[in-house]
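So that the names make sense, note that chain A is the first sequence line, chain B the second, and so on, each numbered from 1.
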2 protein chains.
Amino acid sequence: MPKKYHHGDLKNALIQAGVEILAKEGVGGLSLRKVAQRAGVSHSAPYAHFPDKQSLIAAISTEGFNQLYAELEAAISSHSKNPKKQLIEGVQAYVHFAMENLDTFKIMFSGVLEKEKDYSSFVDISSKTFKLVVEVVQACQNAGVLPAAPADLMAVSVWGQVHGIVSLALEGQVSHTVLDKHSIQDIVLVSIEQLINS
Amino acid sequence: MPKKYHHGDLKNALIQAGVEILAKEGVGGLSLRKVAQRAGVSHSAPYAHFPDKQSLIAAISTEGFNQLYAELEAAISSHSKNPKKQLIEGVQAYVHFAMENLDTFKIMFSGVLEKEKDYSSFVDISSKTFKLVVEVVQACQNAGVLPAAPADLMAVSVWGQVHGIVSLALEGQVSHTVLDKHSIQDIVLVSIEQLINS
DNA sequence: GCGAAAATCTTGACACCGTCAAGATTGTGG
DNA sequence: CCACAATCTTGACGGTGTCAAGATTTTCGC
């Protein structure tokens with residue numbers, strides 16, 4: 001697949017370097033020039049592979065979504081006969097991904113990427129992820145675990161719930177009176193159970 | 001309160017200029033130098049009032065939270081005898097604020113402000129806002145509208161649900177199969193009703 | 001009310017940033 | 001093998017956050 005030119009596979013090396021800088025210095029520390037330096041090329045070499053910085057960010061975000069999708073699917077497919085467990089394990093995996101890849105998660109969901117619809121592979125993997133959520137929700141509905149609203153709408157409810165709590169927590173907006181007593185994992189689980197039919 | 005020096009009340013003028021640039025050019029277009037220029041002062045005048053750019057962003061975010069708090073309280077206090085209506089109107093007000101002040105909302109919640117706990121007035125107003133949510137949730141619980149879990153935990157659930165859906169929608173992560181059929185307002189309302197005791 | 005001290009603002013500089021143009025180098029296909 | 005395309009380097013440009021030095025204005029103790 002990737003042909004070897006001067007560097008080898010600079011495009012992926014740049015994405016990888018970006019992920020590393022992101023993890024080490026946060027979103028504010030991510031610059032094209034640092035990415036280039038870490039990959040061992042000159043400051044404008046990236047322009048052979050990405051038309052601009054936004055495009056590299058799109059690639060990093062896409063990579064993040066691919067990983068998130070993989071982890072979600074792994075969590076779900078381990079319990080293919082138990083929709084409720086699929087839901088719970090999927091939620092756990094989502095929270096786990098966010099906490100383990102804090103800045104990648106931020107870049108994926110915090111508006112750093114400004115015109116996401118311009119990047120088709122980003123749109124592809126993120127809508128594929130949404131479809132995965134819809135499937136689990138639908139299975140839960142068929143099993144009577146979730147209410148019988150339209151599946152895509154219910155999927156937005158469930159995903160929104162999880163995503164919102166995680167986002168607020170990462171943003172420091174969840175009061176310490178709550179965080180002192182419960183982990184984010186627990187808070188999300190308790191919240192999701194409010195949506196589940198008793 | 002604000003004494004008049006050379007400019008008059010440059011500190012607030014800078015915050016206002018920041019809000020305007022934010023609305024016109026988005027988060028990416030917000031620079032200290034543009035803010036200074038719009039306020040009619042030299043490029044480093046802001047340093048008399050803010051130690052760095054993050055500090056100005058904190059002030060803008062704080063201003064945003066003040067406005068959000070005011071709108072939430074207005075929505076809630078119009079229905080002081082009907083907790084369920086308070087909840088629904090409060091949620092509507094939250095969604096309305098997000099959509100009317102898109103980039104301010106982003107700056108408040110999207111990790112642009114990196115060390116939020118360093119800014120005490122930001123912490124004050126945001127925890128005050130959280131307390132407001134807890135109060136409404138508690139009133140709903142007393143009226144049997146919401147389940148009887150610990151109020152602060154339930155508040156995180158409710159706020160997280162609303163905030164998550166709004167965030168995902170603003171990020172373009174809500175599938176068009178949903179958005180074509182429902183407004184964000186409707187989606188959030190339908191979702192919240194899943195949490196309300198029937 | 002006056003003069004010292006503090007607050008405010010300007011000017012100029014620095015390093016870093018994203019981006020582009022010109023050219024050098026390297027791989028590929030006819 | 002050679003023209004061409006892909007890849008990478010060098011150098012430049014304007015914009016950015018920040019700091020230092022100095023000018024200007026207000027405040028405050030006497």
Side-chain angles (χ1 to χ4, degrees), chain A residues 1-22 24-61 103 107 111-116 118-119, chain B residues 1-22 24-61 103 107 111-116 118-119:
Chain A
M1 349 276 258
K3 305 293 183 71
K4 285 218 163 196
Y5 289 93
H6 307 162
H7 170 282
D9 186 17
L10 183 56
K11 184 166 187 174
N12 287 323
L14 290 169
I15 296 175
Q16 185 54 33
V19 171
E20 291 166 18
I21 291 178
L22 211 47
K24 198 167 301 177
E25 310 188 35
V27 182
L30 182 68
S31 80
L32 267 185
R33 291 169 104 107
K34 265 191 256 183
V35 168
Q37 186 180 17
R38 172 170 274 260
V41 294
S42 78
H43 65 261
S44 66
Y47 285 87
H49 302 277
F50 303 100
D52 54 23
K53 188 185 183 184
Q54 282 286 305
S55 193
L56 172 61
I57 291 177
I60 297 175
S61 301
D103 296 271
I107 257 199
V112 181
L113 185 56
E114 284 169 5
K115 299 193 294 177
E116 53 280 336
D118 288 3
Y119 305 94
Chain B
M1 346 267 267
K3 306 292 183 70
K4 285 219 163 197
Y5 288 95
H6 306 165
H7 170 281
D9 185 18
L10 183 56
K11 185 165 188 175
N12 288 323
L14 289 170
I15 295 175
Q16 185 55 33
V19 171
E20 290 167 16
I21 290 178
L22 210 47
K24 198 168 301 178
E25 310 188 34
V27 182
L30 182 68
S31 81
L32 266 185
R33 292 170 105 105
K34 265 191 258 186
V35 168
Q37 186 180 19
R38 172 171 272 261
V41 294
S42 78
H43 66 261
S44 67
Y47 285 86
H49 302 276
F50 302 101
D52 53 24
K53 187 185 181 182
Q54 282 286 306
S55 194
L56 172 60
I57 292 177
I60 296 175
S61 301
D103 296 272
I107 258 200
V112 181
L113 185 55
E114 284 169 6
K115 299 193 296 180
E116 52 281 335
D118 288 1
Y119 305 95

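Remark: B/Asp118 pairs with B/Lys115 by the side chain to side chain contact (heavy atoms under 4.5 Å, CB included) rule, at least two apart or across chains. Looking at residues two or more places apart in sequence or on another chain, you find a side chain to side chain contact (heavy atoms under 4.5 Å, CB included) between B/Ala45 and B/Leu10, B/Val41, B/Ser42. Looking at residues two or more places apart in sequence or on another chain, you find a side chain to side chain contact (heavy atoms under 4.5 Å, CB included) between B/Gln16 and B/Glu20. In terms of the side chain to side chain contact (heavy atoms under 4.5 Å, CB included) criterion, residue partners of B/Glu116 (sequence neighbours excluded) are, by chain and number, A/Glu171, B/Leu113, B/Phe122. Every residue was checked against the side chain to side chain donor-acceptor pair (under 3.5 Å) condition with A/Glu114, not counting sequence neighbours, and none meets it.
The nearest pair of heavy atoms linking A/Leu14 to A/Val35 is O-CG1, 3.5 Å.
The CG-P distance, from B/Leu14 to C/dT8, rounds to 12 Å in whole Å. Rounded to whole Å, the distance from CG on A/Leu10 to C1' on C/dG27 is 15 Å. Atom-to-atom, CZ of B/Arg33 to P of C/dC14 comes out at 14 Å; the value is rounded to the nearest Å. The distance from atom CG of A/Leu32 to atom C1' of C/dC16 is 13 Å, rounded to the nearest whole Å. Atom-to-atom, CD of A/Glu25 to C1' of C/dC17 comes out at 14 Å; the value is rounded to the nearest Å. One can place CD of A/Glu114 at 13 Å from P of C/dG18, the figure rounded to the nearest angstrom. Note: NZ (A/Lys34) to C1' (C/dA15) measures 12 Å, nearest angstrom.
Taking a 4.0 Å limit (strictly below) on heavy-atom distances, residues 46-54 of chain B reaches DNA chain D at B/Tyr47, B/Asp52, B/Lys53. Within residues 35-44 of chain A, the residues having any heavy atom closer than 4.0 Å to DNA chain C are, in order of number, A/His43, A/Ser44.
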Show me the side-chain donor-acceptor pairs of residues 25-34 of chain B shorter than 3.5 Å, one per line, residues at least two apart or across chains.
residue : atom : partner : partner atom : Å
B/Glu25 : OE1  : B/Lys34 : NZ           : 2.8
B/Ser31 : OG   : B/Lys34 : N            : 3.1
B/Lys34 : NZ   : B/Gly29 : O            : 3.0

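Looking only at side-chain heavy atoms (C-beta outward), B/Phe50 and B/Ile15 come within less than 4.5 Å of each other.
Nucleic acid contact class of B/Lys11 (heavy atoms, under 4.0 Å, all strands): none.
Other residues, nucleotides and ligands place no more than 12 heavy atoms under 6.0 Å from the CD atom of A/Gln37.
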